[in-house]
Student: 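My structure is below; once you've seen it, I'll send some questions.
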Amino acid sequence: MNPQPLHLHNTLSRNKERFAPQNPPLVGLYVCGPTVYGEAHLGHARPYLTFDVLVRYLSHQGYRVRYVRNITDVGHLEHDADEGEDKIASKARLEQLEPMEIAELYTRSFHASMRALNILPPNIEPRASGHIPEQLQMIEELIECGYAYESAGSVYFDVATYATRYPYGQLSGRVSDELQAGAGNERRALEGQSEKRNPADFALWKKAQPTHIMRWSSPWSEGFPGWHIECSAMSRKYLGEPFDIHGGGMDLLFPHHESEIAQSQACCGQVPARLWMHNNMVTIDGQKMGKSLGNFITLNELFTGNHPRLSQPFDPMVIRFFVLQAHYRSTLDFSSEALQAAEKGYKRFMDGVGVLMQLKSDAATDDFEVDPLISMLYEALNDDLNTPMLIARLYEFLPQIHRMHEGKANLSAPSLSRLQQEVQMLVNNVLGLNTPERKTDIHLEGVMELLLEIRQQAKERRDFASSDEIRMRLESLGIQIKDGKDKSEWSLI
RNA sequence: GGUCGGAUGGCCGAGUGGCUAGGCAGAGCUCUGCAAAAGCUCCUACAGCGGUUCGAAUCCGCUUCCGACCUCCA
């Protein structure tokens, strides 16, 4: 069935590598989750969609995936914050809510958006706030090994010492030389720099300012964990080390993932994950869609159409289709027009798939070969999860489906049923595209049948005024009539 | 300044050293009382300049432009 095995691009080697988990059929996957201090936007959806397809495909291939995706709810520095102010704490004062209330609110909103996009929940969704002991433990280990030091109540990772034994910067291709510290024209004035031995050092534990609401006690100070340690601690707890795949957005490559590698390597002597996958950014007007740039469109705004850049609401499945029509390692440029194009394409695509599913066969022989076709579909996925290629090949097959529908081509019952199963599997289970069945109650069915019958009679006596009025008024009620050759069909808009 | 990645037809987006991805838009046609939908057909692009090659959008070099990252951003 699968002509060639699954290959995935590994950021660590910058090559496509054959996917081979350490302990098949088990696969350990960790993906960096959201920081829950704001509404999730389209940019956030991309990694979760990408890795959703990965998880679905791996499961489809018979792997048993343990998918861990964290919730960052301990709060980190605001981009423009003055003095190490906690993101969540600062928002809390604005809204007069408890920090954890905010985290909870946005966590729920995030979950709702993920559900709408048909993104399967991870197997474990650990919260950083629920894993403070694990993080403290890891920090202590790092201090014991001599890779971390305390300074004014905070604890920092000692990059210089680390770099004497391990290659720092192997993931991002960055050199750990002095060069980078002094380079750059507009270095940001960062809080806590003076406490560090080296500008490249990063925080494992931060002492909380008096204004800082979210805080936990530790051997060093009342404070909160550094940004990178939660992922290291939680992935180690639930997946062990090394685990198979670590994923996230490309913007996390440095410093986040580089730091994770350093922490784990210093602690456990090895790079935490064997395969590192990074999705590219969603752009808008050629620029990264991001919180700090303020150019983002939230998922809820997309679903409701409530944004100046949007001409209409978009079905979550259209968003999903739109994202999957680009390869995950390419940037994807957002525009309302592009989404509208995706919407139309999606409808035609799913209609075609629907026609295929309805087909029945009474033919004895095949007019074309099914196997090569199916192989082509899998080849696309196996080549680094090339969903746009998979979708394009399914599109190319659409005319053949219609030919069969018109009786111009035939497949034997076994071949047809195999094709139907495979396509359904790929479209629904792997790509995760579903047209939810519109629930129509039995009364409406009957009423519509009656109405269409009356309209048909009107048409037969060439009373087009009446038949057109019925069609028009139904349309204003949200019911669309399509006249076929000898009967009409109706559907909810 | 450094590291990395891009530049593909009106728009969105794949891709391979030779065989015109695909979608949307546009044009024409078929079907049709009219619509709608659907189907068929057409629209042959790869930033620029060199080089390698029998052949390059695809490999190499240079140029221009764009983006991501450079310590808490998916």
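All figures in this text were calculated on a predicted structure; none of them were measured in a lab.
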Student: For the pair made of CZ in Phe202(A) and P in C70(B), what is the distance, rounded to whole Å?
Tutor: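 That distance rounds to 14 Å.
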Student: Under 4.0 Å, heavy atoms only, any strand: does Lys344(A) hit a base, just the sugar-phosphate, or nothing?
Tutor: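 Sugar-phosphate: the residue Lys344(A), judged by heavy atoms under 4.0 Å, touches backbone atoms but no base.
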Student: Could you give the CZ-to-P distance, from Arg393(A) to U16(B), as a whole number of Å?
Tutor: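 From Arg393(A) CZ to U16(B) P: 11 Å.
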Student: Whole angstroms only, please: what is the CG-C1' distance between Leu299(A) and A74(B)?
Tutor: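 Interatomic distance, CG of Leu299(A) to C1' of A74(B): 11 Å.
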Student: By the 4.0 Å heavy-atom rule, please label Pro399(A) as base, sugar-phosphate, or nothing.
Tutor: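 Counting heavy atoms under 4.0 Å across all strands, the contact made by Pro399(A) is with sugar-phosphate only.
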Student: Give a yes or no on whether Met357(A) atom CE has more than 12 heavy-atom contacts from other residues, nucleotides or ligands under 6.0 Å away.
Tutor: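 Yes, CE of Met357(A) has more than 12 neighbouring heavy atoms, counting only those of other groups under 6.0 Å.
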Student: Of the candidate nucleotides A74(B), A37(B), C4(B), which contains the atom at the shortest distance from the side chain of Lys482(A)?
Tutor: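 Taking heavy atoms from C-beta onward, the closest nucleotide is A37(B).
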Student: Please give, in whole Å, the distance from A74(B) C1' to Leu293(A) CG?
Tutor: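 Answer to the nearest Å: 13 Å.
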Student: Flag as yes if Phe464(A) stacks onto the base of G33(B) (centroids under 5.5 Å, planes under 30°), otherwise no.
Tutor: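 Phe464(A) vs G33(B): stacking yes.
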Student: For Ser335(A), which contact category applies under a 4.0 Å heavy-atom criterion: base, sugar-phosphate, or nothing?
Tutor: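 It contacts nothing in the nucleic acid.
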Student: Using heavy-atom distances to pick each residue's nearest nucleotide on RNA chain B, tell me which of Ile481(A) and Thr331(A) is more 5'.
Tutor: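 Its nearest nucleotide lies further toward 5', so the answer is Thr331(A).
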Student: On RNA chain B, does the nearest nucleotide to Asp468(A) precede the nearest nucleotide to Ala342(A) from the 5' side, or the other way round? Give the residue.
Tutor: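 That would be Ala342(A).
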Student: What class does the angle between the rings of Phe321(A) and Tyr346(A) fall in, given that below 30° is parallel, 30 to 60° is tilted and above 60° is perpendicular?
Tutor: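 Answer is tilted, since the angle falls between 30° and 60°.
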Student: May I ask which nucleotide in the shown strands pairs with C69(B), Watson-Crick or G-U wobble, both distances under 3.5 Å?
Tutor: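 Checking every strand shown, C69(B) finds its partner in G2(B), with both distances under 3.5 Å.
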Student: Taking only Lys NZ, Arg NE, NH1 and NH2, and the carboxylate oxygens of Asp or Glu, determine whether Asp483(A) and Arg455(A) approach each other closer than 4.0 Å.
Tutor: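 Between Arg455(A) and Asp483(A) there is a salt bridge, with a charged N closer than 4.0 Å to a carboxylate O.
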Student: Taking only the C1' atom of each, what is the distance from A56(B) to C65(B) in whole angstrom?
Tutor: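 Comparing C1' positions in A56(B) and C65(B) gives a spacing of 22 Å.
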Student: Looking at side-chain heavy atoms only, is the closest gap between Leu377(A) and Phe397(A) below 4.5 Å?
Tutor: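 The answer is no, as the side chains (C-beta and beyond) never meet within the 4.5 Å cut-off.
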Student: If you look at every strand shown and take non-hydrogen atoms under 4.0 Å, does Asp333(A) touch a base, only sugar-phosphate, or nothing?
Tutor: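 Sugar-phosphate contact only - Asp333(A) comes under 4.0 Å of backbone atoms but never of a base.
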Student: Please verify the inter-ring angle class for His402(A) with His405(A); under 30° counts as parallel, over 60° as perpendicular, anything in between as tilted.
Tutor: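 Correct class here is perpendicular.
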Student: With distance as the sole criterion, do the side chain of Arg471(A) and the base of C34(B) form a donor-acceptor contact below 3.5 Å?
Tutor: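 Under the 3.5 Å cut-off, the side chain and the base do form a donor-acceptor pair.
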Student: Within a reach of under 6.0 Å around CD of Glu369(A), are more than 12 heavy atoms found that belong to other residues, nucleotides or ligands?
Tutor: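 No, because the 6.0 Å sphere around CD of Glu369(A) holds 12 heavy atoms or fewer from other groups.
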Student: So which nucleotide from G33(B), U71(B), A74(B) ends up closest to the side chain of Leu252(A)?
Tutor: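 Looking only at side-chain atoms, Leu252(A) lies closest to A74(B).
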Student: Glu396(A) side chain: which of G33(B), G22(B), C70(B) is closest?
Tutor: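 Of all the options, the side chain of Glu396(A) is nearest to G22(B).
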Student: Could you give the CZ-to-P distance, from Arg69(A) to A74(B), as a whole number of Å?
Tutor: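 Whole-Å distance recorded here is 13 Å.
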Student: Distance check, P atoms only: C43(B) and G10(B), in whole angstrom units.
Tutor: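 Between the two P atoms, the distance is 14 Å.
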Student: Nearest to the side chain of His41(A), heavy atoms from C-beta on, is which of A21(B), A74(B), C12(B)?
Tutor: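 So the nucleotide nearest the side chain must be A74(B).
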Student: Contact class for Ala203(A) (heavy atom, under 4.0 Å): base, sugar-phosphate, or nothing?
Tutor: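 Base contact.
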Student: Counting heavy atoms from C-beta on, name the nucleotide in G33(B), U71(B), A14(B) closest to the side chain of Ala326(A).
Tutor: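 Comparing G33(B), U71(B), A14(B) against the side chain of Ala326(A), the answer is A14(B).
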Student: Using a 4.0 Å heavy-atom cut-off across all strands, classify Val31(A) as base, sugar-phosphate, or nothing.
Tutor: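 Counting heavy atoms under 4.0 Å across all strands, no contact is made by Val31(A).
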Student: Categorize Met250(A) for me: base, sugar-phosphate, or nothing, with a 4.0 angstrom heavy-atom threshold over every strand shown.
Tutor: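 The answer is nothing, as Met250(A) stays clear of every strand by at least 4.0 Å.
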Student: Looking at A14(B), I'd like to know if its phosphate oxygens (OP1 or OP2) sit under 4.0 Å from a side-chain N or O belonging to Asn386(A).
Tutor: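 For A14(B), neither OP1 nor OP2 has a side-chain N or O of Asn386(A) closer than 4.0 Å.
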Student: If you check the Val282(A) side chain, which of A74(B), A14(B), A38(B) turns out closest?
Tutor: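 Side chain of Val282(A) sits closest to A74(B).
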Student: Could you check which of C72(B), A74(B), A68(B) has an atom nearest any side-chain atom of Gln287(A)?
Tutor: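 Output: A68(B).
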Student: Which part of the nucleic acid, if any, lies within contact of Ser172(A), taking any heavy atom under 4.0 Å across all strands shown: a base, the sugar-phosphate backbone alone, or nothing?
Tutor: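 It contacts sugar-phosphate atoms only.
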Student: Give me the distance, rounded to whole Å, that separates A21(B) from A57(B) when you measure between the C1' atoms they each carry.
Tutor: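 Going atom to atom, C1' in each nucleotide, I get 14 Å.
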Student: Would you measure the distance from the P atom in C70(B) across to the matching atom in U63(B) and give it in whole Å?
Tutor: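 Per the computed distance, 26 Å lies between those P atoms.
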Student: Please classify the nucleic acid contact of Gly43(A) as base, sugar-phosphate, or nothing, using heavy-atom distances under 4.0 Å.
Tutor: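 The answer is base, as Gly43(A) lies within the cut-off (heavy atoms under 4.0 Å) of a base atom.
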